[in-house]
Amino acid sequence: MRILILRHGETEWNTCARLQGQTDIPLNENGIRLARVTGEKMRDVPVDICYTSPLSRAKDTARLVLGDRKVPVIEDDRLKEISFGSWEGICCGKGRNELPKEFLDNFYINPFSSHMVMPEDGETFQALSGRIKEFIGDLTADPSLQDKHVLLSCHGCSSRVLLGHMSGMPLEENFWRGTVPPNCSVSIVDYADGSFTVVEEDRIYYDKKEWKNHYER
């Protein structure tokens, strides 16, 4: 099985560094364009089936990347972004942070830390990890998928949990793997005989200058 982990395209909340979480923010014009460019450049990359977060930015990115391919697209709640509860919509960008210092101190370093602060109505990173791990277990246990190319369309945090579990590296040690994944970036992982092999991380199919890390502190 070859697994393609895709982060959604850009949204307006990305451009102003607002926590999106499970708020259903659509792609902006640039996000639509990046997804289309990515799809055009991936035209020769096989995809047999797609699983997507039900949030529109992930679903629409998947559909734009797939283009006119006749590929089943299946929504799965477990691929949703982490929920930030009542903090969703709040700015966390460089010089514009409106969140508790304890949150950002751990969010960008080790969100699994016991010192991590989350809103009471939000979701812990441990809970996010649990639902993603369950999804991976179901995916890899499906005998019909063992020789397939599978596209997973998701989000910044959920894609990093997917990649972390598949790489075998403890999420507490290097959650972000150096950066928030770029919009429409694709990580490639092979699965065979019960083992994962990370082939490539955060490949982008457009000019890298077109993407900015909006979460830069």
Side-chain angles (χ1 to χ4, degrees), residues 1-8 14 17 19-22 51 53 55 58 76-85 87-88 90 92-94 97 99-120 122-141 150-204 208 211-217:
M1 183 190 305
R2 170 150 287 191
I3 302 167
L4 310 169
I5 304 172
L6 168 70
R7 187 192 175 199
H8 64 77
N14 284 149
L19 286 180
Q20 291 185 110
Q22 295 183 5
Y51 293 88
S53 157
L55 298 175
D76 195 305
D77 279 348
R78 293 173 294 183
L79 293 176
K80 275 185 178 179
E81 184 59 298
I82 191 170
S83 171
F84 295 107
W87 289 359
E88 292 181 8
I90 294 178
C92 60
K94 186 176 182 180
N97 176 49
L99 293 165
K101 182 176 183 297
E102 294 83 359
F103 171 80
L104 285 186
D105 283 349
N106 290 285
F107 183 72
Y108 289 103
I109 299 171
N110 179 12
F112 285 82
S113 167
S114 61
H115 301 292
M116 181 67 180
V117 175
M118 293 288 280
E120 291 184 1
E123 181 180 22
T124 66
F125 277 81
Q126 287 79 2
L128 170 66
S129 175
R131 60 178 162 89
I132 293 291
K133 188 174 183 179
E134 180 185 83
F135 171 83
I136 294 171
D138 289 347
L139 182 76
T140 55
V150 181
L151 179 66
L152 307 180
S153 186
C154 50
H155 307 268
C157 293
S158 58
S159 68
R160 278 302 189 246
V161 174
L162 280 164
L163 192 56
H165 279 310
M166 292 178 185
S167 71
M169 180 179 293
L171 293 169
E172 297 86 351
E173 292 183 8
N174 188 15
F175 178 79
W176 288 111
R177 309 178 77 86
T179 185
V180 176
N183 294 112
C184 288
S185 61
V186 180
S187 292
I188 304 170
V189 182
D190 285 339
Y191 175 79
D193 300 323
S195 297
F196 294 99
T197 301
V198 177
V199 177
E200 188 170 4
E201 295 186 26
D202 296 342
R203 180 172 181 177
I204 55 176
K208 193 172 184 178
W211 179 81
K212 180 183 177 182
N213 183 349
H214 299 290
Y215 299 97
E216 180 184 0
R217 295 180 66 186

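No experiment lies behind these values; they were computed from the predicted model shown. Note that these values count all heavy atoms, side chains included, but never hydrogens, waters or copies made by symmetry.
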side-chain contact (heavy atoms from CB on, under 4.5 Å) assessment of N183 paired with H8: CA-CA 6 Å; N183 294 112; H8 64 77; 3.8 Å; yes
Quick one: closest heavy-atom pair of [X] and [Y], and the distance?
X: P181; Y: D202; answer: CB-OD1, 3.9 Å
X: G21; Y: L55; answer: O-CD1, 3.8 Å
X: S53; Y: H155; answer: OG-NE2, 2.8 Å
X: I5; Y: C154; answer: CG2-SG, 4.1 Å
X: S167; Y: R177; answer: OG-NH1, 3.2 Å

I need the [X] [atom1] to [Y] [atom2] distance, nearest 0.5 Å.
X: L6; Y: I188; atom1: CG; atom2: CD1; answer: 11.5 Å
X: F196; Y: M1; atom1: CZ; atom2: CE; answer: 7.5 Å
X: E201; Y: S185; atom1: CD; atom2: OG; answer: 10.0 Å
X: L128; Y: F112; atom1: CG; atom2: CZ; answer: 6.5 Å
X: F135; Y: S158; atom1: CZ; atom2: OG; answer: 10.0 Å
X: D76; Y: L152; atom1: CG; atom2: CG; answer: 9.5 Å

Taking it one step at a time, do R78 and D138 satisfy salt bridge (Lys or Arg N to Asp or Glu O under 4.0 Å)? CA-CA 11 Å; R78 293 173 294 183; D138 289 347; 2.7 Å; yes
Is there a donor-acceptor pair closer than 3.5 Å between any side-chain N or O of [X] and the backbone N or O of [Y]?
X: S153; Y: A58; answer: yes
X: N106; Y: P111; answer: no
X: Q22; Y: E81; answer: yes
X: R203; Y: V186; answer: no
X: W176; Y: R160; answer: no

side-chain contact (heavy atoms from CB on, under 4.5 Å) evaluation trace for T124 with M116: CA-CA 9 Å; T124 66; M116 181 67 180; over 6 Å; no
Heavy-atom side-chain proximity of [X] to [Y] below 4.5 angstrom:
X: C92; Y: L104; result: yes
X: L99; Y: L19; result: yes
X: F175; Y: S129; result: no

R131/E123 salt bridge by N-O under 4.0 Å criterion: yes
Assess the residue pair V189 and L162 against the criterion (side-chain contact (heavy atoms from CB on, under 4.5 Å)); give the C-alpha distance rounded to whole Å, side-chain angles, the decisive distance to 0.1 Å, and a yes or no. CA-CA 10 Å; V189 182; L162 280 164; over 6 Å; no
Under the criterion side-chain contact (heavy atoms from CB on, under 4.5 Å), I'd like the reasoning laid out for L171 against H165: C-alpha separation, chi angles, the key distance, then a yes or no. CA-CA 7 Å; L171 293 169; H165 279 310; 3.9 Å; yes
Assign the ring pair F103 / W87 to parallel, tilted or perpendicular, where the plane angle (0 to 90°) is split at 30° and 60°. perpendicular
